[in-house]
Undergrad: 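This is the structure, below, for whatever I ask next.
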Amino acid sequence: MFRIARGASAALRSLPCWGILLVACGSDSSPIRIGLAGPLTDSVGAPMLRAATLAVQEINATGGVGGRPLELVARDDHGDPDSSIAAALELERAGVLAVVGHVYSSATLAAAPIYNGARHPVVQISPSSSAPEVTQAGAWTFRVCPSDLQHGAALARFARNQLGLNRGTILYLNNDYGRGLRSVFAAEFVRRGGAIEDVAPYLGAEFDFGPYLDRIAVRHSSEFIFLAGNRGEAEAALRAARARGLRLTVLGGDGLEGIERVGPLAEGVFVSSAYLSTVETPRNQAFLAAYRARYPEAAPPNQAAAASYDILHLLRDVIARTGPDRARIRDGVAAIGTTAPAFEGVTGTIAFDPNGDVPNQPVYIGRVTGGRIEPAQGS
């Protein structure tokens with residue numbers, strides 16, 4: 001749990017009238033509690049916790065919300081669906097007004113019935129759950145990242161139009177994530193005149209990719225491999241490909257996050273992401289400067305971190321408009337981009353559709369270059 005002392009600022013003058021009245025006349029100076037749920041100790045979730053803490057510090061340094069500080073109530077779900085249910089129950093009972101989380105789609109979907117089905121439901125905004133099923137998780141569940149459908153289509157367009165690739169092979173993790181990416185990528189690539197030579201499933205990072213790659217080598221006609229899975233499997237597939245002298249173009253979705261840290265093995269791999277720390281927009285540059293100043297020893301923030309930072313600032317704005325009431329906060333979030341202004345954040349313009357999705361959020365294509373992911377030319 002994190003609680004950061006509130007400060008005073010002339011920025012309070014920009015709050016709506018009810019907020020100013022609370023400061024001037026109200027007696028409630030208790031913290032406004034916001035939940036944070038994710039795998040807070042792993043390489044994906046730890047940056048999320050750092051960025052959320054930074055956002056709370058910034059908000060409280062400018063007066064909080066109506067003179068009340070934000071208090072971050074953090075629960076580690078260990079990236080596990082069962083643990084996410086326990087975390088959701090704790091947060092709902094702790095009286096939080098909203099939850100930032102969860103990170104992985106399986107955890108978000110497992111926890112969604114808790115947030116949606118409570119006696120007094122609480123809005124849940126995921127920074128990074130990209131499974132298409134999140135769209136149907138409930139009226140109190142939102143996300144601020146593109147879905148797997150958008151990632152797959154963006155990668156197919158890039159492969160065909162920017163890289164000029166004509167024929168390829170898809171290796172996909174045989175779960176909802178892998179199958180979703182596979183189907184959308186293949187459909188979009190073929191629709192644009194390309195051909196998919198082979199589509200093969202696998203299970204886990206310990207899978208033997210050798211026979212698949214031998215087949216690619218013998219056929220000698222695929223120009224690329226699309227890896228629709230996670231980083232661990234991608235590393236295994238890349239090692240097996242390099243051992244066979246295969247130098248095909250390799251593409252993958254956001255499940256490959258962190259692949260740049262494996263060194264020369266990943267050089268040249270193309271990945272999709274809802275956020276790249278190397279994107280040179282003014283908001284991202286300001287966020288990076290603040291993040292580096294607060295965490296000088298940390299690696300650059302990831303997508304979950306940047307999106308969590310955005311969500312907390314978005315919630316600050318919503319609560320300033322609606323007041324500290326769960327139902328009104330939910331409606332205030334749902335209105336963003338329709339009857340209320342879209343939110344301009346580090347990750348882009350956040351505007352929700354009726355399903356709680358953000359269909360206009362960008363998908364970036366990056367290329368591993370010298371241990372970093374740089375925006376790919378033409379993406």
Undergrad: Which word best sums up how the rings of Phe158 and Phe270 line up, parallel for under 30°, tilted for 30 to 60°, or perpendicular for over 60°?
TA: tilted
Undergrad: When rounded to the nearest 0.5 angstrom, what distance separates CG in Leu97 from CD1 in Ile329?
TA: 4.5 Å
Undergrad: So Pro211 and Asp208, do their side chains get closer than 4.5 Å, heavy atoms only?
TA: yes
Undergrad: Would you call the rings of Phe287 and Tyr309 parallel, tilted or perpendicular, where under 30° means parallel and over 60° means perpendicular?
TA: tilted
Undergrad: So, using ring pair (Phe, Tyr, Trp, His ring centres under 6.0 Å) as the criterion, who are the partners of Tyr295 when residues are at least two apart?
TA: Tyr291
Undergrad: State which residues pass side-chain hydrogen bond (donor to acceptor under 3.5 Å, both in side chains) with Arg292; sequence neighbours excluded, sorted by chain then number.
TA: none
Undergrad: Main chain of Val346, side chain of Asn284: is a donor-acceptor contact present, judged purely on distance under 3.5 Å?
TA: no
Undergrad: Would a 4.5 Å heavy-atom cut-off, applied to side chains only, mark Ile311 and Ile34 as touching?
TA: no
Undergrad: Taking only residues two or more places apart in sequence, or in another chain, which ones meet Ser222 in a side-chain hydrogen bond (donor to acceptor under 3.5 Å, both in side chains)?
TA: Thr169, Glu197
Undergrad: What residue pairs, at least two apart or across chains, pass salt bridge (Lys or Arg N to Asp or Glu O under 4.0 Å) with a residue in residues 227-251?
TA: Asp214-Arg244, Arg231-Glu235, Glu235-Arg239
Undergrad: List in chain and number order the residues that pass ring pair (Phe, Tyr, Trp, His ring centres under 6.0 Å) with Phe207, two or more places apart in sequence or in another chain; answer none if no residue qualifies.
TA: Phe209, Tyr212
Undergrad: For the pair Arg33 and Glu71, find out whether any cationic side-chain nitrogen is under 4.0 Å from an anionic carboxylate oxygen.
TA: yes
Undergrad: Any chance you could lay out the side-chain hydrogen bond (donor to acceptor under 3.5 Å, both in side chains) test for Glu257 and Asn302, step after step, and finish with the verdict?
TA: CA-CA 8 Å; Glu257 180 180 313; Asn302 60 4; 2.9 Å; yes
Undergrad: Give a yes or no on whether the backbone of Ser83 and the side-chain of Asp77 come within a donor-acceptor separation of less than 3.5 Å.
TA: no
Undergrad: Rounded to the nearest 0.5 Å, how far apart are CG of Asn116 and CZ of Arg330?
TA: 9.0 Å
Undergrad: Could you name each residue pair satisfying salt bridge (Lys or Arg N to Asp or Glu O under 4.0 Å) that touches residues 79-93, not counting sequence neighbours?
TA: Arg75-Glu90, Glu92-Arg326
Undergrad: Which pairs pass salt bridge (Lys or Arg N to Asp or Glu O under 4.0 Å) with one or both residues in residues 133-155, sequence neighbours excluded?
TA: Arg143-Asp357
Undergrad: Partners of Phe185 by ring pair (Phe, Tyr, Trp, His ring centres under 6.0 Å), sequence neighbours excluded?
TA: Phe189, Phe224, Phe226
Undergrad: Mind checking what makes ring pair (Phe, Tyr, Trp, His ring centres under 6.0 Å) contact with Tyr172, not counting sequence neighbours?
TA: none
Undergrad: Can you list the other members of the hydrophobic cluster that holds Val218, where links are side-chain heavy atoms under 4.5 angstrom apart?
TA: none
Undergrad: Determine which pairs satisfy salt bridge (Lys or Arg N to Asp or Glu O under 4.0 Å) with at least one residue from residues 95-118, sequence neighbours left out, and list them in order.
TA: none
Undergrad: Can you check whether Leu155 reaches Val271 side chain to side chain, under 4.5 Å on heavy atoms?
TA: no
Undergrad: Which residues pass the side-chain hydrogen bond (donor to acceptor under 3.5 Å, both in side chains) test with Thr281, not counting sequence neighbours?
TA: none
Undergrad: Kindly state whether the ring of Tyr275 and the ring of Tyr364 have centres lying under 6.0 angstrom apart.
TA: no
Undergrad: I want to check something: taking the side chain as every heavy atom from C-beta on, are Asn230 and Leu173 in contact at a cut-off of under 4.5 Å?
TA: yes
